[in-house]
Protein chains: 2
Amino acid sequence: MPTMADIAKRAGVALSTVSHTLSGKRPVSAEVRQRVLDAIAELEYQPHALARALATKRTRTIALLYPKVSTSLPEPHFEFISSIVEVASSKNYGLLLWTPSDDDGAVLRMIQQGFIAGLVLMEVRLDDPRVEMLKKQNYPFTLIGHCRDNTGINFVDMDFDYALHMCVDYLAGLGHKHVAFINHSSKLYEMGAGYVIRSHEAFMHAAEQHNLCGIVYPCESNAQAGYEVVLAALTENPATTAIITSNAWINGGITRAIYDRGLKIPEDISLMGILSPSVAEMTTPALTTIDFPYKEMGRIGADMLIRQLEGEQIATQLLLKPSLIIRQSSGPSKR
Amino acid sequence: MPTMADIAKRAGVALSTVSHTLSGKRPVSAEVRQRVLDAIAELEYQPHALARALATKRTRTIALLYPKVSTSLPEPHFEFISSIVEVASSKNYGLLLWTPSDDDGAVLRMIQQGFIAGLVLMEVRLDDPRVEMLKKQNYPFTLIGHCRDNTGINFVDMDFDYALHMCVDYLAGLGHKHVAFINHSSKLYEMGAGYVIRSHEAFMHAAEQHNLCGIVYPCESNAQAGYEVVLAALTENPATTAIITSNAWINGGITRAIYDRGLKIPEDISLMGILSPSVAEMTTPALTTIDFPYKEMGRIGADMLIRQLEGEQIATQLLLKPSLIIRQSSGPSKR
DNA sequence: CTGAAAGCGCTAACAC
DNA sequence: GTGTTAGCGCTTTCAG
């Protein structure tokens, strides 16, 4: 592989001239410029980004901290990933996926290795040690999600408070009085995952406001778990006429549990999800949802980070308001 | 951030000694070694991986070429991604996701920038220009999927021929005589995506063997498209009693089309998928499937690549035989 | 406008 | 065992 020195020799100019015709950081005469470009073309020269990164202390790689997927399936993180990789690629950045071995020091070590220009964090906890650390290090990062204290950090998140209120308002409007909310796993509760806790609280608050009976159930992310939780819920409160879930992988289980109880959707039980259309339409009947703006969140998160890296001064804290999409799984309460 | 020079000074030794106590590539006396380690601990020194990479011409980052996701949703590539990132992280490699802007030169340019030690390709075409190029460059890579000509390349793939025969054998055994296979989009056909074409051919072959009427339909990856294709299929051949699909995102559409025709699953129509359990269990009734070994393929693909990078001489061409998982969507033909 | 040379932080000969 | 030094391929001062 040819290096800059090869080009310089070939074009009969100094190394620095090659560098500058490439970067445009200082004027180069048209004639010399052409000679250099010709040499580059002839030798099929390709700048070595790694060497450049060492010299400039800047890379064009951002990293997404990818949560460890344990036994359960991951939430539709892939919807974030697709949009982030799209934005990154379009701006000529690479996206590095990385799972820190242990949450604390590993992140720090990673960013000190010089490969990564900035981070996108997801699965953010209300009090997130990673965020604390990154702030202290003054390292560029953005959050998909947000903490309890967000002073001075850029984030984009869905407004879960709004979303859950919207769900409950809608169901209350249909006359439902007993609704169950199937939330994420208790492991995520324990971790203090922001969206899980905010959803929980918002749901309880909304239920109270409407003066209806609301019960929350944590649930692992697999169909079997969903099945069992719904059976339990229908047993605990047989008056239940509506179920909300924010957990994409359990829909099948929920549906089957309802059917196995001899109930119909939406005649006997209304079902709502907080998830993406693609998932909502995989189930039959298609799920009425709060449309989780995965794509947009990923896009904005990556975009904010890259802008920040390019020197733009930004201070963005965005809480997206999702919209309600009524499909076939919800209807008026009969009781 | 402290550098090696700082450590050397602090410990009162030469730079190279620090380097060597870190790498173990030459003996260091216990006493000196300890001084160095102390200095490292005190200054919280972290080796700069980028600089090391420049010096050694080796990195610990592998890249997954991420197909451009256009309008349709991506196939469950995320299942590959999770397992690849898992393997990579566990072996201390980073995984870079990257979407080449244009299929040919971009890949070459990328790998010449020095950041990437090797590539995992997916969405492999029967005659894949990327593969040709990488072979010519003698660049380390592995395939998830495989080409027509695979001499000298490492790959892991599912045995689609086996899978489709398994499907058809099973359905034929249940007495089905008219089966439709809903394959991926015609765009993927045109691209020459290996799995799409191999599935098609295997299905036709199996149908012929069993002397049953088999029709293949290409289909975009969204529920609406699935819905329409199934309506069309049931119109074209009302005798159809079984439908196979390898397309994860259209299940909902398929099911609803069947119901809208007043048919029942599995009483009137048997449904089978070639997909992962998580997806199979999202639909109701849960889908009988050929269990697509995403995880295993991702794991093996990444593992092969990393071994190769670490100097192991490997020559692996693996065609995984999936297994049949009978759930609730299939049953004997009534006609 | 252009060239020479000093780094970026590390590895790996090459000396002693 | 340890120290010295020449790179890796590029950017960026500093001279001219």
Side-chain angles (χ1 to χ4, degrees), chain A residues 1-40 43-61 92 109-117 311, chain B residues 1-40 43-61 92 109-117 311:
Chain A
M1 265 178 37
T3 85
M4 233 169 188
D6 299 326
I7 304 300
K9 201 186 302 173
R10 175 96 174 202
V13 298
L15 188 60
S16 56
T17 302
V18 177
S19 172
H20 285 119
T21 102
L22 245 34
S23 69
K25 288 199 179 168
R26 93 184 178 187
V28 174
S29 75
E31 187 232 353
V32 168
R33 175 186 185 68
Q34 195 52 54
R35 283 219 309 279
V36 170
L37 294 179
D38 288 349
I40 288 179
L43 300 185
E44 298 187 317
Y45 167 74
Q46 176 64 28
H48 196 269
L50 193 70
R52 172 182 294 162
L54 179 61
T56 58
K57 297 177 160 307
R58 298 178 25 75
T59 70
R60 294 186 76 86
T61 304
N92 239 304
R109 287 201 297 280
M110 155 102 305
I111 65 181
Q112 294 186 341
Q113 307 205 336
F115 273 94
I116 305 299
Chain B
M1 267 180 35
T3 83
M4 230 167 189
D6 298 326
I7 303 300
K9 201 187 300 171
R10 174 96 174 199
V13 299
L15 188 60
S16 57
T17 302
V18 178
S19 172
H20 286 120
T21 101
L22 245 34
S23 68
K25 287 199 179 166
R26 93 181 178 188
V28 174
S29 75
E31 187 232 353
V32 167
R33 175 187 186 67
Q34 195 50 54
R35 282 219 309 280
V36 170
L37 293 179
D38 288 348
I40 288 178
L43 300 184
E44 297 187 317
Y45 166 76
Q46 177 63 28
H48 196 270
L50 193 70
R52 171 183 295 162
L54 180 61
T56 57
K57 296 175 159 311
R58 299 178 25 76
T59 71
R60 295 185 76 86
T61 304
N92 239 305
R109 287 201 298 280
M110 155 102 305
I111 64 180
Q112 294 185 341
Q113 306 206 336
F115 273 94
I116 306 299

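On a predicted model such as this, the values are computed, not experimentally measured, just so you know. So you know, we letter chains A, B, ... as the sequences are listed, proteins then strands, and number each from 1.
- Within a 6.0 Å radius of CD in B:E44, no more than 12 heavy atoms belonging to other residues, nucleotides or ligands are found.
- Within the structure, every side-chain polar atom (N or O) of B:K25 is placed at least 4.0 Å from both OP1 and OP2 of C:dT11.
- Looking at A:S16, its side chain has no donor and acceptor atom pair within 3.5 Å of the base of C:dA5.
- Counting to the nearest Å, the C1' atom of C:dC10 and the CD atom of B:Q46 are 14 Å from each other.
- In this structure, the CE atom of B:M1 is 13 Å from the P atom of C:dC8, given to the nearest Å.
- Rounded to the nearest 0.5 Å, atoms CD (B:Q113) and OG1 (A:T61) are 9.0 Å apart.
- A:S19 comes within 4.0 angstrom of a nucleotide base, judged by non-hydrogen atoms across all strands.
- Residue A:R10 holds its CZ atom at 9.5 Å from CG of A:D38, rounded to the nearest 0.5 Å.
- Scanning both residues, A:V28 and A:R33, for their nearest heavy atoms gives CG1-N, 3.7 Å.
- In this structure, A:S29 does not reach the C:dC1 phosphate: none of its side-chain N or O atoms is under 4.0 Å from OP1 or OP2.
- Between the side chain of B:T59 and the backbone N or O of B:F115, at least one donor-acceptor pair lies under 3.5 Å.
- With C:dG3, C:dG9, C:dG7 as the candidates, the nucleotide lying closest to the side chain of A:A55 is C:dG7.
- Rounded to an integer number of Å, the gap from B:L43 CG to C:dG9 P is 14 Å.
- Phosphate proximity of C:dT11 to B:K57: absent, as no side-chain N or O sits under 4.0 Å from OP1 or OP2.
- Side-chain nitrogen and oxygen atoms of B:R52 include at least one within less than 4.0 Å of the OP1 or OP2 phosphate oxygen of C:dT11.
- Counting atom types as modelled, B:T17 pairs no side-chain N or O with a base atom of D:dG3 as donor and acceptor under 3.5 Å.
- In this structure, B:S16 and B:R26 approach most closely via the heavy-atom pair OG-NH2, 3.7 Å.
- The shortest distance between side-chain heavy atoms of A:N92 and A:R60 falls below 4.5 Å.
- For the segment residues 30-40 of chain B, no residue has any heavy atom less than 4.0 angstrom from an atom of DNA chain C.
- Atom CD in A:Q113 sits about 11 Å away from atom P in C:dC10, given to the nearest Å.
- Side chain of B:R26, nearest nucleotide from C:dC10, D:dT2, D:dC10: D:dT2.
- Rounded to whole Å, the distance from CZ on B:R58 to C1' on C:dT11 is 13 Å.
- Of the candidates C:dA12, D:dT11, C:dG9, the closest approach to any side-chain atom of B:H20 belongs to C:dA12.
- Distance from the side chain of A:A14 is smallest for C:dG3 among the nucleotides C:dG3, D:dG3, C:dC10.
- Rounded to an integer number of Å, the gap from B:L50 CG to D:dC10 P is 13 Å.
- Nearest-nucleotide assignment on DNA chain C puts the 5′-proximal partner with A:P27, out of A:L15 and A:P27.
- For a distance-only test at 3.5 Å, the side chain of A:T56 fails to qualify as a donor-acceptor partner of the base of D:dT12.
- With rounding to whole Å, A:D6 atom CG is found 11 Å from D:dC8 atom P.
- Residue B:I116 holds its CD1 atom at 10.0 Å from CD1 of B:I111, rounded to the nearest 0.5 Å.
- As rounded to whole Å, 7 Å separates atom C1' of D:dG9 from atom NE2 of A:H48.
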